[in-house]
Peer 1: 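Handing you a structure now.
Not measured: the values here are computed from a predicted model.
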Amino acid sequence: MDIFCALPAVLAGFNPWWEGRRDAALPAFHRNVFQELRTAALDPLSRRGVLLTGIRGSGKTTLLRQLAHCLIDEGVPALNIVYLPMEHPLLRSAGLETCLRTWREFHVQAPGRQYVLIDEMQLLPDWSIDLKVGIDLHPERRPICACSFGTAPGEQQESCCGRVRELAVGPLSFGESLALRGVEVPAVPRPARLAELFSWPRRRLAALARAAEALAAPFNDHLARGGFPGAALAETVEEAQKFVRERVCDRMLRTDMSVHRNVRSPYGPEELFLRLCQAMAPLPDNAALHEGLSMSRRSAGRWLGFLESAHLVTRLPYRPFGGGPRQADMLHMADPSLVPAQLGRGAAFLDNPGEYAGAVGTAVLGHLQGAPADCWKRLAFWRDAAGRPAGFAVTAGAHSIPFAFGLDGQTEAQGAAALAMFMEEQHLPYGVLVTASPVGIGPLETAGLTDAAQAGMLRLPASLLCLWLDTPDLLMAA
């Protein structure tokens, strides 16, 4: 019996618009990246494909299906759009060309551009070659693909340079999480650029602080739930972290690594991932990663490559400002909920200063790294006088903006001193001290620092900064 005889019915089930039906399960909420995806898909002058990359559970499948309905609303014939989820065993066994041939044979397409929406395309062997050849030989087709894995260590991948536009789909931002869950917060005034806060009168800064107080509880809830739509909509923090642990971490570390990455045993990547979780803070990418683990330095580097290809771990480079030797990059989690979910911490980590500081730093870095690539030239971390990682800096236009963290009284004084020294050494006009409390928003006034050292230093709560970073032109205008 030919198992592929069911292929037409399976395709029709995944493409309800062929029969004039809409997908009622799709949310009305659209992520920030959706508008960029829509613009790229509808560009009549472009032949390039679109590649959505990001961690599992970040909403790539929903984006593809929302795009299909958007294209129909824009006048694209429904039969010219096909959605192919390659996680389905029948579609994966049949292969891309067989699926497309079945679509063409059983459904007559209208003249014009055809849209091929391929979900989890990395599951296909030689998927990059199929994508490249399809773009070159079929200019009437517009492939729009989603991948949960990047290139793994030692994996050969065909270059699609110039043929594909890549869009990163990271976890939900704080603003997106509020919108998805329908959390109402007071309207928060927003400056056109950060430097404007120096000229705001005290009355206006006090109003901003009052508005920021209402963000504290939703922000902590966002840290505990994470930036995954399925977790954000869970009823409790425990259910949200269970979703993150089982549907994101376990699925990628066990199923995806062993089945789709040909990793013989998933215990190596899992052990290294737990090592990174237990650090509670970014770790340097150097030989110390394998210490205390049952693996060699070479194996640790290989497993780290797998974790990065799965978008579970990201790296922040160290680029010395004003010269100096190149040093190891810093590794941090892709989302603040990954650590408490994997360690079973629930919301208890919010009361631990070290764990909370690590979660806030991960959230702020995630918001910056999730911004469009043309927003700034460089994002890197910097070190204090003792050589310890003290903060990070964003280079936007001709200026660099350093950030430091001070989430309690002790770390605020240390962060302010390190920030003042770095600004003086690099001759930077101003910097930002990220705090937990909305008290004292605006120009920094800290005992122990001279007026000259405090000039140009801003105190901002992490919740307000993450909300503002939904529109990253705040830093571009700096």
Side-chain angles (χ1 to χ4, degrees), residues 32-33 36 168 170-171 173-176 190-198 227 281-282 314-324 326-336 357-384 388-407 415-416 418-435 441-444 455-478:
N32 295 338
V33 74
E36 193 174 358
S173 68
F174 179 39
E176 289 177 318
R190 178 185 179 279
R193 56 193 184 97
L194 286 177
E196 283 187 9
L197 292 178
F198 288 104
T314 59
R315 64 175 62 238
L316 189 65
Y318 172 73
R319 295 189 178 97
F321 290 79
R326 180 77 167 85
Q327 300 186 33
D329 297 341
M330 297 299 292
L331 305 169
H332 66 92
M333 294 295 163
D335 187 80
V360 170
T362 298
V364 174
L365 286 172
H367 281 70
L368 287 168
Q369 290 182 321
D374 57 350
C375 287
W376 37 74
K377 297 178 182 177
R378 187 173 70 177
L379 174 63
F381 72 92
W382 52 274
R383 299 180 183 273
D384 59 15
R388 297 168 299 194
F392 55 90
V394 174
T395 301
H399 302 284
S400 293
I401 308 170
F403 292 80
F405 291 89
L407 301 177
L419 183 61
M421 183 176 299
F422 183 75
M423 290 169 56
E424 183 179 0
E425 289 177 354
Q426 303 300 326
H427 308 289
L428 300 177
Y430 68 92
V432 178
L433 182 67
V434 182
T435 65
I441 291 178
L444 187 65
M457 295 176 64
L458 280 172
R459 178 192 278 115
L460 278 180
S463 57
L464 189 61
L465 178 61
C466 288
L467 187 64
W468 282 350
L469 284 176
D470 255 5
T471 50
D473 58 315
L474 179 77
L475 299 181
M476 293 178 65

Peer 1: Quick one: closest heavy-atom pair of Arg315 and Gln369, and the distance?
Peer 2: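 Shortest heavy-atom contact: O-NE2, 3.5 Å.
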Peer 1: Can you confirm whether more than 12 heavy atoms, excluding those of Glu196, are under 6.0 Å from its CD atom?
Peer 2: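 Correct, the count exceeds 12.
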Peer 1: Please give me the minimum heavy-atom distance between Asp470 and Ser173, naming the atom from each residue.
Peer 2: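 Closest approach of Asp470 to Ser173, heavy atoms only: OD1-OG, 2.6 Å.
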Peer 1: Can you say whether the rings of Tyr430 and Phe198 are parallel (under 30°), tilted (30 to 60°) or perpendicular (over 60°)?
Peer 2: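 Ring orientation of Tyr430 relative to Phe198: perpendicular.
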Peer 1: Does Leu197 form a side-chain contact (heavy atoms from CB on, under 4.5 Å) with Leu460? I'd like the steps, not just the answer.
Peer 2: CA-CA 10 Å; Leu197 292 178; Leu460 278 180; 3.9 Å; yes
Peer 1: Taking all atoms of both residues into account, what is the closest heavy-atom pair of Met423 and Pro402, and its distance?
Peer 2: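 Minimum heavy-atom contact is CG-CG, 3.9 Å.
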Peer 1: Which pair of heavy atoms, one from Ala418 and one from Ala390, lies closest together, and at what distance?
Peer 2: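 Where Ala418 meets Ala390 most closely, the heavy atoms are CB-CB, 4.3 Å.
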Peer 1: Taking all non-hydrogen atoms of both residues, which atom of Ala404 and which atom of Leu419 are closest, and how far apart?
Peer 2: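 The answer is CB-CB, 4.1 Å.
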Peer 1: Roughly how far apart are Leu365 CG and Phe381 CZ, rounded to 0.5 Å?
Peer 2: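 Nearest 0.5 Å value for the CG-CZ distance: 11.0 Å.
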Peer 1: Look only at the side chain of His367 and the backbone of Phe174, and say whether a donor-acceptor pair between them is shorter than 3.5 Å.
Peer 2: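 Side chain of His367 to backbone of Phe174, a donor-acceptor pair under 3.5 Å: yes, one is there.
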Peer 1: Would you give the length of the straight line joining atom CG of Leu465 to atom CG of Leu433, rounded to the nearest 0.5 angstrom?
Peer 2: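 Rounded to the nearest 0.5 Å, the CG-CG separation comes to 11.0 Å.
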Peer 1: Which heavy atom in Leu469 sits nearest to a heavy atom in Val364, and how many Å separate them?
Peer 2: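 Nearest pair, atom of Leu469 first, then Val364: CD1-O, 4.4 Å.
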Peer 1: Can you tell me which residue among Leu331, Asp329, Leu379 is in a side-chain contact (heavy atoms from CB on, under 4.5 Å) with Leu316?
Peer 2: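 Passing option: Leu379.
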Peer 1: Would Phe403 and Phe422 count as a ring pair (Phe, Tyr, Trp, His ring centres under 6.0 Å) here? Give the steps.
Peer 2: CA-CA 10 Å; Phe403 292 80; Phe422 183 75; over 10 Å; no
Peer 1: So how far is it from Thr435 OG1 to Leu458 CG, rounded to the nearest 0.5 Å?
Peer 2: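 The OG1 atom of Thr435 sits 11.0 Å away from the CG atom of Leu458.
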